Each structure stands twice: as structure tokens, then as C-alpha cells.
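Report on the following structure.
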Amino acid sequence: LFVKSDDLASLVSVVLLAGLRSLAEPAWGFIILWPTYLFSLLFLTRKHEGVRYALFAMGLCHAIYNTPSAVVLIFAE
């Protein structure tokens, strides 16, 4: 799929990824819509600075996003 706009490319990828994730758990697909859109848009806007940099920036944001959940899971037991 080739699109010119980063926003449109992000929206298309979010719809596809959320749809696939919803096959396993419907609520999960809905919950990940917004973060997946942001991570996708971050990658596409930083890609011109280098794919490694874009992947690092997206991975760092994803790790920060997951940190509160990980802390809760660690200390819940």
C-alpha cells in the first residue's frame, strides 16, 4: 500500500492492526487504537532521519507507555 500522507498511512495501519488484534480480543483492538496511531505516526515522521533512529524513538515511547502496566503487574503478585 503506497500513500503519500503520513496521517493516512498511520490510519490505514492502525485499522489493519487493530482489526487483527480484535480477532483475539475485541476490547484489545479498541484499546490499542490511539497508541498504535501515535507510534505509527512517530515512526513515519522520523523515518527521514534514519530508520534506526525512527525505530529507537518509537521503541522508547512504547517502553514508556508500557512502564506503568509493567510496574502494576510486577507488584501485584
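Because only heavy atoms are used, hydrogens play no part in the values below, and waters and symmetry mates are left out as well, while side chains stay in. Just so it is clear, the model here is predicted, and its values are computed rather than measured.
- The closest side-chain heavy-atom distance from Leu23 to Leu20 is below 4.5 Å.
- Val14 and Leu17 fall into different hydrophobic clusters, where Ile, Leu, Val, Met, Phe, Trp and Tyr are joined by side-chain heavy atoms under 4.5 Å apart, directly or via other members.
- Residues Thr36 and Arg21 are in side-chain contact: their nearest non-hydrogen atoms beyond the backbone lie under 4.5 Å apart.
- Residues Trp28 and Leu33 are members of separate hydrophobic clusters, defined by side-chain heavy-atom contacts under 4.5 angstrom among Ile, Leu, Val, Met, Phe, Trp and Tyr.
- The hydrophobic cluster containing Leu44 also contains Leu55, counting ILVMFWY residues as joined when their side-chain heavy atoms lie under 4.5 angstrom apart, directly or transitively.
- With rounding to the nearest 0.5 Å, the separation of CD1 in Ile32 from OG in Ser22 is 7.0 Å.
- Formation of a donor-acceptor pair under 3.5 Å by the Ser40 side chain with backbone atoms of Tyr37 is not found in this model.
- Relative orientation of the Phe39 and Tyr65 rings is perpendicular, given thresholds of 30° and 60° on the angle between their planes.
- Leu38 CG to Phe43 CZ: the interatomic distance, rounded to the nearest 0.5 Å, is 15.5 Å.
- Summarising the geometry, atom NE2 belonging to His62 is positioned 12.0 Å from atom CG belonging to Leu42; distances are rounded to the nearest 0.5 Å.
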